[in-house]
Amino acid sequence: MPDSDMKHRLGHVLRGTPAAGRKYARGAAYSDTDVPLVNRGSTYTAGEVSTYLQLEAAYLRRRLFAVQATARAVGNAAGSHEDDAAAGVLVDEYLRLVDVGEETEAGAHLVVVNVYPSVGNEYGNGFVHRRIKYYLEAGARVHVVVIGPETESSVYQYDGVTVITGDGSEARELLRRTTYRSVGVHFMGRYIWDQIQDDLKEQTFFCFMHGFESRRWVRTRYNYRSPDQVDAAIADTVDRQALWREVLAHPWGPVKFVFVSDWWRRASQEDMELVYPAARSEVVHNVIETKLFRYVPKDPEQRFRLLWVRSASNFNYGSDIAIEVLTKLRETAHWDRIEARIIGDGRHFGGFESAFEDDANITVERRFAAQDEIARLHRDYGVFLVPSRLDSQGVSRDEAMASGLVPVTNTVSAIPEFVDETCAVLAPGEDADAMVAGLIRLFENPELFRRMSSAAAERAERQSGPDATIRKEMRMLGITAETVDPSSEGSQA
């Protein structure tokens, strides 16, 4: 690669998206004496730039990790678990509710999570709840504990699942009382790790890696609007890199790191700058409830009916790309036949409202939809508009595919692991024109739409249906009759 191209790409990485880049392009710096980001490296060759970025960063991280480890050792030694006695009373109540006798406790599986659904907060890690429902249907005994620094101690029931919550004392008490068949942690961060690590010695521990918990700041650079936000994101990345090195090296660390896609397994290694050993790595996709999101053959006219049901909270989700696609479709001969429905919320959702307030064939609804409503919507539409800048899997896309919708998306991150041109309209990253061209091909070829719809449903069932995902997961965790050795179940190289 020529030096000029290398520097241009490095500059793009440092500046982020156009939204973030405009501030840097004006020469914003961290102080009066700092070199503006856009000017850094302008006198170096490409090899020199690459060398100093990598080696200086590696050196600084090593120094920082050493300081952090010393500080944590001192802090942990000085700390105390004053609330553990009170937690014991709540744990007694919890165990009575889940009807676990002392003689059967060893057969239970423990799920540790940062958030769990409740009445009024139905979207709190709903896919973890779906896992647990499958565990329970298989006859497994399951405990669920929520840990958070400001989480109040409580016990509640949600959709047949009994949950205990708190700041970590409750989790420690459960781990001390019970040798679980397995312990699965979702969205583990520094706080959760500090609460449970001392009580994992007798446990078989699995850590589920969904994406957010081990991601490098640069993958979401388009969300940052100021140098302070970039600084905070870089600091957070360094903290995560230190955390996962600690977890990986810990004598009671995970038996398996379980990734939702092979791409994310590789990407997490790059982001955290470490290697998860093959014997301790597993890829298990998030399950799609194909009984709920079931395939019903589509009428060819449904190819003109486009659906977006997705968060617009961050640029990852590509709401601006979706707006651009719909805007470009307005200039085509097919516009009068197109009907689109947009349902969602988030800080970027207003872009839909302002762009299409005068279009009678575009319905924009600022709200969230429950799973059963989404399944009903899937039956009424034929195309799922789901552009993306980053997906470690893409559960909403897989659900739509299972229902027979043809997804319109980008060939970025893990997405090519779950779709191909036989079942999806695919475009390079940021390429709205390619999406529009693919949609026009569907509009002009009803038989192509029918084939792609059927192929999408088959692909989602085969790759993300219960047989390919949750049953494999339950065998790995040892919570079904068909148990396996966790050190040998389908390891990924």
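Along the sequence shown, the residues carry numbers beginning at 1.
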Quiz item: For the rings on Phe208 and Phe187, is their centre-to-centre separation under 6.0 Å?
Solution: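 No; Phe187 has its ring centre 6.0 Å or more from that of Phe208.
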Quiz prompt | Output field: ring centroids His210/Phe127 closer than 6.0 Å | solution =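 Aromatic pair counts; centres sit under 6.0 Å.
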Going by distance alone, is a donor N or O of one side chain under 3.5 Å from an acceptor N or O of the other, for [X] and [Y]?
X: Ser182; Y: His109; value: yes
X: Glu246; Y: Trp193; value: yes
X: Ser392; Y: Ser261; value: no
X: Ser226; Y: Asp228; value: no
X: Arg172; Y: Ser169; value: yes
X: Asp398; Y: Ser464; value: yes
X: Thr162; Y: Gln157; value: yes
X: Ser388; Y: Asp391; value: yes
X: Glu473; Y: Tyr135; value: yes

Please find the pair of heavy atoms, one from [X] and one from [Y], that lie closest to each other, and give the distance.
X: Arg219; Y: Ala267; value: NH2-CB, 3.6 Å
X: Thr290; Y: Ala402; value: CG2-CB, 4.3 Å
X: Val115; Y: Asn125; value: O-ND2, 3.0 Å
X: Leu110; Y: Leu175; value: CD2-CD2, 3.7 Å
X: Met435; Y: Val425; value: O-CG1, 4.0 Å
X: Phe315; Y: Arg225; value: CE1-NH2, 3.2 Å

Closer than 4.0 angstrom, basic N to acidic O: yes or no for [X] and [Y]?
X: Glu270; Y: Arg216; answer: no
X: Asp420; Y: Arg459; answer: yes
X: Arg190; Y: Glu213; answer: no
X: Asp380; Y: Lys298; answer: no
X: Glu137; Y: Lys133; answer: no
X: Glu373; Y: Arg367; answer: yes
X: Arg130; Y: Glu399; answer: yes

Sidechain-backbone polar pair: [X] side chain, [Y] backbone, donor-acceptor under 3.5 Å:
X: Gln393; Y: Asn286; value: yes
X: Glu152; Y: Gly166; value: no
X: Gln197; Y: Ile192; value: no
X: Thr151; Y: Thr165; value: no
X: Glu170; Y: Ser153; value: no
X: Arg221; Y: Val218; value: yes

Quiz prompt | From Ile164, Val111, Leu95, residue fulfilling side-chain contact (heavy atoms from CB on, under 4.5 Å) relative to His143 | solution =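 It is Leu95; the other options fail the test.
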Quiz item: Do other residues, nucleotides or ligands put more than 12 heavy atoms under 6.0 Å from Tyr156 OH?
Solution: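 Atom OH in Tyr156 is packed in, count exceeds 12.
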Self-check item: Evaluation steps, side chain to side chain contact (heavy atoms under 4.5 Å, CB included), between Phe384 and Trp308
Solution: CA-CA 6 Å; Phe384 196 62; Trp308 157 291; 6.0 Å; no
Quiz item: Using the ring of each side chain (for Trp, its six-membered ring), is Phe349 parallel, tilted or perpendicular to Phe352, with breaks at 30° and 60°?
Solution: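 If you compare the ring of Phe349 with that of Phe352, the planes turn out tilted.
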Quiz item: To the nearest 0.5 Å, how far apart are CZ in Arg245 and CG in Leu248?
Solution: 9.0 Å
Quiz item: Has Arg305 got its NZ or CZ under 6.0 Å from the middle of the six-membered ring of Tyr381, at an angle within 45 degrees of the ring axis?
Solution: yes
Practice problem: Determine, for Tyr134 and Arg471, whether the Lys NZ or Arg CZ falls below 6.0 Å from the six-membered ring centre while staying within 45 degrees of the axis. | Solution: no
Quiz item: Any side-chain heavy-atom pair from Leu326 and Leu306 closer than 4.5 angstrom?
Solution: yes
Quiz item: Do you know which of Asp320, Asn410, Asn223 makes side-chain hydrogen bond (donor to acceptor under 3.5 Å, both in side chains) with Arg389?
Solution: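 For Arg389, the side-chain hydrogen bond (donor to acceptor under 3.5 Å, both in side chains) check succeeds only for Asp320.
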